[in-house]
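Data first, discussion second: the structure below is written as structure tokens.
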Amino acid sequence: MSRIPLSLVHALSVTALTLGSGGFALAQDDEPIKVGILHSLSGTMAISESTLKDTMLMLIEQQNEAGGLLGRELEPVVVDPASNWPLFAEKARELLAQEKVDVIFGNWTSVSRKSVLPVVEELNGLLFYPVQYEGEESSENVFYTGAAPNQQAIPAVDYLMNELGVERWVLAGTDYVYPRTTNKILQAYLTSHGVAEDDIMVNYTPFGHSDWQNIVAEIKQFGSAGKKTAVVSTINGDANVPFYRELGNQGIDAADIPVVAFSVGEQELSGIDTTPLVGHLAAWNYFMSVDDDANYDFIDAWYDFTGDDNAVTNDPMEAHYIGFNMWTEAVRKAGTTEPDAIKEAIIGVSVPNLSGGYATMMPNHHITKPVLIGEIQDDGQFSVVWQTPSSVAGDAWSDYLEGSKDLISDWRRPLECGNYNVVKGTCGGAEVATAE
Amino acid sequence: MRRLSCGRRLCFGLVMICMLLLGQGVSAAPASEDPGAMLLESLAEASFRDKEAVIDSIASSGDERAQQWLDAFADGRLQQVKDSGQFVIVLESRGREWPVADALTLKPIGEMSRRDLSRIRINNALRSHLDGMQTLLDLNAEDVELRLQAARDLLGEISQDSREDIARLAQEEEDADVAATLNQALALYALEQGDASAISTLSGSLNPKVRAALVQASRSDDGYLAERASQALADIEQLLTLNRAAETLYFGLSLGSVLVLAAIGLAITFGVMGVINMAHGELIMLGAYTTWAMQQLLPHQPGVALLLSIPAGFLVAALVGVAIERGVIQFLKGRPLETLLATFGVSLILQQLVRTLISPLNRSVMTPEWMSGSVMINDALSLTLNRLYVLGFALVVFAALMLVMRRTRLGLEVRAVTQNRAMARAMGIRATRVDILTFALGSGVAGLAGVALSQLTNVGPNLGQNYIIDSFMVVVFGGVGNLWGTLVAGLSLGVINQVLEPWAGAVLAKILVLVLIILFIQKRPRGLFPQKGRAAEG
């Protein structure tokens with residue numbers, strides 16, 4: 001409420017000072033650095049996104065307690081795009097054009113990111129996007145701190161194939177862009193590893209699907225062909241609870257048909273009784289149960305901030321933690337919050353992650369992450385059963401899709417291109433990929 | 001309670017391996033005279049691959065504490081203190097400090113920081129190994145049910161080593177079912193070894209493992225075996241088709257019952273009173289939240305809490321319904337468009353209220369023991385219990401509503417007021433009071449739907465949104481103002497949806513159902529059971 005008058009005051013004072021000859025630079029030095037937070041606080045996505053808003057508020061509070069940044073205070077600017085995709089674009093414009101924020105942390109769904117993308121590019125803003133996504137994108141103004149498919153889906157499938165000897169695959173997902181693209185990549189990957197078409201079953205369901213009887217029965221039947229079967233689930237948030245309930249009730253045991261999920265984290269599990277799910281898997285780059293002091297510090301701070309000792313942390317929260325620290329590091333390095341300077345300074349910046357390693361910003365605006373496979377425990381936590389020996393760098397363009405496998409992204413000079421075609425030697429191969 | 005120990009013969013070889021492992025463990029173990037400490041030490045240090053052998057040695061150690069250790073290990077509660085190497089069993093893993101018990105003395109030793117503990121890891125393979133040990137043990141249990149379950153689990157799991165033991169058990173078995181299942185398991189093993197005579201025992205079995213083995217055998221080089229297997233397979237396929245049809249019907253009825261439950265309250269407020277209440281979904285949501293709140297009040301009795309939430313959910317939703325009726329709807333009588341917009345606003349307010357006051361996150365509602373799992377009719381057909389209960393509940397609610405509408409004074413008054421308001425008032429019926437009561441009844445039933453849905457789906461602020469469209473669809477399809485229509489429409493839409501789903505996919509099936517309804521409404525605008533006579537004009 002107080003935001004609008006406050007910004008008006010700021011606008012007035014800035015105008016006054018600029019009029020008063022060269023006072024602008026001075027004004028900027030005392031003014032707080034504004035951090036935009038673009039997460040839905042109402043509507044369907046509030047369930048996932050409101051926690052990320054709180055995470056950002058906590059990180060900003062911590063930074064201010066440690067003396068701010070460049071001697072200036074950080075000021076969060078929270079807006080609510082209400083799970084409405086076009087509203088995301090409007091709110092992003094409000095943040096950049098009216099509030100003049102220095103950086104935005106936000107978005108969850110891919111469609112909301114796609115809606116914000118043109119605005120951020122037009123107004124030359126900075127956006128840190130914390131959620132695992134389908135890849136096939138690299139923008140000069142966006143930093144992808146969540147996992148690309150090669151940092152989540154591919155290693156998970158490798159684990160199932162090599163460690164569990166899975167031969168038959170069910171790819172089940174919600175019907176929208178992330179599952180469809182991920183499953184396309186996985187199908188190409190599985191076929192290239194000699195899995196027959198007959199051994200792959202693809203299934204899509206609408207958002208919020210709640211009647212899983214038939215699909216679970218089908219999976220059960222598909223899995224009774226004598227070959228080890230696994231389900232790779234890209235089922236989105238809300239639909240998971242009834243899905244797992246049905247699995248439990250129809251007696252599908254993790255030992256018979258394990259389900260590995262890419263969208264189910266601690267927060268989603270906090271809404272279910274996990275006893276029948278013990279042993280089902282999830283692939284992430286962070287689990288709350290990771291045994292590391294940095295992680296415990298983060299969790300304790302989160303308990304304090306929320307005032308709830310049963311609060312859970314999850315992977316996108318870690319992504320914001322990493323993204324925020326990378327940004328502050330880059331601001332320190334560049335000595336300014338000016339977007340172009342940050343874009344240059346942030347590439348190569350390394351900050352600790354919460355699992356005892358380091359995350360580095362790559363030239364394609366994706367970061368390095370370890371990949372962890374965890375099994376669900378009966379207390380709603382995951383226990384890590386496997387992890388990649390070292391960190392994996394995010395790949396913006398999948399190596400397994402026609403049209404995208406020849407593309408690379410490198411925002412350093414002299415290339416400065418998000419979709420450089422290495423075969424043709426031209427920048428701007430994105431049309432090929434999206435047409436595919 | 002699980003009891004673990006291992007048939008000595010079965011484990012002998014493994015024990016030998018363990019001895020070797022133990023030998024290595026001793027040097028690293030802290031000085032301790034308790035042999036249990038060494039066992040746990042080797043369990044902690046072994047890789048996933050070697051842990052199996054260590055588990056067997058713990059089970060066969062004869063140590064009284066073995067059971068507790070393995071249970072704690074299976075649950076991930078067996079942990080080691082990082083500095084001292086002491087083994088502890090975590091009693092409760094929430095928050096920062098966890099209460100623990102010493103693993104050797106099994107006595108609680110206060111709280112420890114989770115930072116100081118490291119979990120002894122377990123994975124699926126080890127978990128099923130533990131379960132397998134339990135299965136062998138259950139075969140000797142007193143309880144027939146337990147034996148039968150163990151025998152079923154044994155299908156496809158028999159190995160060269162265990163074959164003789166199980167053959168002996170099968171002969172000694174007194175219960176006919178258990179003996180038959182054991183013989184099937186043995187026959188399956190024989191078939192896998194290429195024994196064609198085993199097929200006669202297996203024919204007619206619907207177990208997927210039997211079928212998989214028969215498919216394998218029908219591709220065998222042995223002509224006789226392949227032919228016999230194909231014959232048996234053909235019979236099985238025929239039976240399976242029947243079972244699948246029955247299964248689809250059950251799925252359809254179950255989905256239908258959910259639709260009926262969600263829509264039946266609306267059939268009263270919209271169908272009978274003619275009020276378009278867009279906040280109907282949120283009344284369902286409130287019923288679900290009541291269940292959650294009841295379970296918070298009675299944390300250790302989810303079943304009792306669920307039963308108590310039936311009246312509580314009805315009351316909460318009915319009260320909120322009355323508030324909506326008094327606060328909004330009564331001022332908009334006869335203006336459907338305004339009512340629609342106003343109640344839509346109410347629905348958004350209620351959603352955001354729950355988000356702000358409770359949490360935007362889903363709440364976890366427990367399913368009581370007697371509602372989880374499924375009833376097994378045969379190997380190919382089992383009915384999930386929670387849905388069976390919901391199906392029954394829907395029918396009971398429907399029957400109760402019918403009684404109220406047909407047999408009570410209130411029902412009579414409601415019908416009178418909706419048919420001719422002015423005349424009813426002239427006859428001395430207090431129309432306003434009837435309005436309130438009817439709306440409360442419809443809202444209360446929505447609350448009941450919420451209580452049932454809390455057992456099937458997410459309990460969160462968005463719960464209602466997912467059902468509002470479906471509810472209107474069912475009521476319109478069934479014929480506005482007709483409760484029987486709602487029942488028939490809900491159940492048939494459920495069955496149609498589930499029949500379409502396997503070959504059209506969930507997304508397309510939903511679209512097809514909607515197209516079907518649109519076409520139907522074109523042909524018969526008043527739904528399946530249109531109101532007849534003078535009432536239809538009103």
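Lettering follows sequence order; numbering is per chain, from 1.
- Residue B/Gln216 qualifies as open at atom CD: its count of foreign heavy atoms under 6.0 Å is 12 or below.
- Within the 4.5 angstrom heavy-atom criterion, atoms from both the backbone and the side chain of A/Gln250 approach chain B.
- By the side chain to side chain contact (heavy atoms under 4.5 Å, CB included) test, A/Asn314 pairs with A/Glu266, A/Gln267, A/Pro316, A/Met317, sequence neighbours left out.
- Residue pairs meeting the side-chain hydrogen bond (donor to acceptor under 3.5 Å, both in side chains) criterion with at least one member in residues 457-466 of chain B, sequence neighbours excluded, are B/Arg355-B/Asn462, B/Asn362-B/Asn458.
- Contact tally against chain B (heavy-atom pairs below 4.5 Å) for A/Gly208, A/Ala254, A/Gly380, A/Ala255: the top residue is A/Ala254.
- B/Arg114 and A/Ile299 make their closest contact through NH2-CG2, 3.3 Å (heavy atoms, listed as atom of the first residue, atom of the second, distance).
- Considering only heavy-atom pairs separated by less than 4.5 Å from chain B, the leading option among A/Val241, A/Asp211, A/Val385 is A/Asp211.
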Kindly determine whether A/Gln377 and B/Arg119 satisfy side chain to side chain donor-acceptor pair (under 3.5 Å), including the steps that lead there. CA-CA 12 Å; A/Gln377 307 291 300; B/Arg119 186 201 292 257; 3.3 Å; yes

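- Of the atoms belonging to A/Asp379, heavy atoms from both backbone and side chain fall under 4.5 Å from chain B.
- The most heavy-atom pairs under 4.5 Å with chain A, out of B/Gln352, B/Gln498, B/Gln351, come from B/Gln498.
- Most heavy-atom pairs under 4.5 Å with chain A: of the set B/Met371, B/Lys510, B/Gln455, B/Arg211, this distinction falls to B/Gln455.
- Residue A/Gln221 touches chain B through its side chain alone, counting heavy-atom pairs closer than 4.5 Å.
- Remark: A/Lys220 NZ to B/Ser382 OG distance equals 4.0 Å, nearest 0.5 Å.
- Counting heavy-atom pairs under 4.5 Å between each of B/Pro461, B/Gly460, B/Ser254 and chain A puts B/Ser254 at the top.
- Here the straight-line distance linking atom OG of A/Ser224 with atom CG of B/Leu240 works out to 8.5 Å at 0.5 Å rounding.
- Listed options A/Thr51, A/Asn203, A/Val278 were ranked by heavy-atom pairs under 4.5 angstrom with chain B; first place goes to A/Val278.
- Proximity to chain B is absent for every atom of A/Leu269, based on heavy atoms less than 4.5 angstrom apart.
- No salt bridge links A/Asp253 with B/Arg127; every basic N to acidic carboxylate O contact stays at or beyond 4.0 Å.
- Considering only heavy-atom pairs separated by less than 4.5 Å from chain B, the leading option among A/Asp308, A/Asp175, A/Asp378, A/Asp300 is A/Asp300.
- Taking the charged nitrogens against the carboxylate oxygens, A/Asp304 and B/Arg96 do have a contact shorter than 4.0 Å, which makes a salt bridge.
- In terms of heavy-atom pairs under 4.5 Å with chain B, the best-connected choice from A/Trp386, A/Tyr204, A/Tyr303 is A/Tyr303.
- Looking at heavy atoms from C-beta onward, A/Arg245 lies in side-chain contact with B/Thr367 at the 4.5 angstrom threshold.
- At a 4.5 Å heavy-atom cutoff, the contact between A/Ala46 and chain B is made by backbone and side-chain atoms alike.
- Both the backbone and the side chain of A/Thr205 have a heavy atom closer than 4.5 Å to some heavy atom of chain B.
- Of all heavy-atom pairs between A/Ser210 and B/Tyr467, the closest is OG-OH, 3.3 Å.
- Interatomic distance, OH of A/Tyr296 versus CG of B/Asp116, reported as 9.0 Å (0.5 Å rounding).
- Rounded to the nearest 0.5 angstrom, A/Asn214 CG and B/Asn497 CG are separated by 8.5 Å.
- Heavy atoms of B/Val215 lying under 4.5 Å from chain A are absent altogether.
- Of the atoms belonging to B/Leu456, it is backbone heavy atoms, and not side-chain ones, that fall under 4.5 Å from chain A.
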Please test B/Leu385 against A/Asn249 for side chain to side chain contact (heavy atoms under 4.5 Å, CB included), starting from the C-alpha separation and ending with a verdict. CA-CA 8 Å; B/Leu385 268 174; A/Asn249 282 333; over 6 Å; no

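- Taking 4.0 Å as the cut-off between side-chain N and carboxylate O, B/Lys209 and A/Asp256 do not count as a salt-bridged pair.
- Contact count against chain A (heavy-atom pairs under 4.5 Å) is highest for B/Pro502 among B/Gly76, B/Pro502, B/Gly505.
- Interface remark: A/Asp293 contributes backbone and side-chain atoms alike to the contact with chain B (heavy atom separation under 4.5 Å).
- Here CG of B/Leu348 is found 9.0 Å from OG of A/Ser42. Values are rounded to the nearest 0.5 Å.
- More than 12 non-hydrogen atoms from other residues, nucleotides or ligands lie less than 6.0 angstrom from CD of B/Glu237.
- Annotation: the span from B/Glu247 atom CD to A/Gln213 atom CD amounts to 9.0 Å, rounded to 0.5 Å.
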Could you please spell out the steps behind the side chain to side chain contact (heavy atoms under 4.5 Å, CB included) verdict for B/Arg121 and A/Val384? CA-CA 8 Å; B/Arg121 291 180 175 191; A/Val384 178; 4.2 Å; yes

So A/Asp291 and B/Ser118, side chain to side chain contact (heavy atoms under 4.5 Å, CB included) or not? Walk me through it. CA-CA 7 Å; A/Asp291 188 13; B/Ser118 91; 4.0 Å; yes

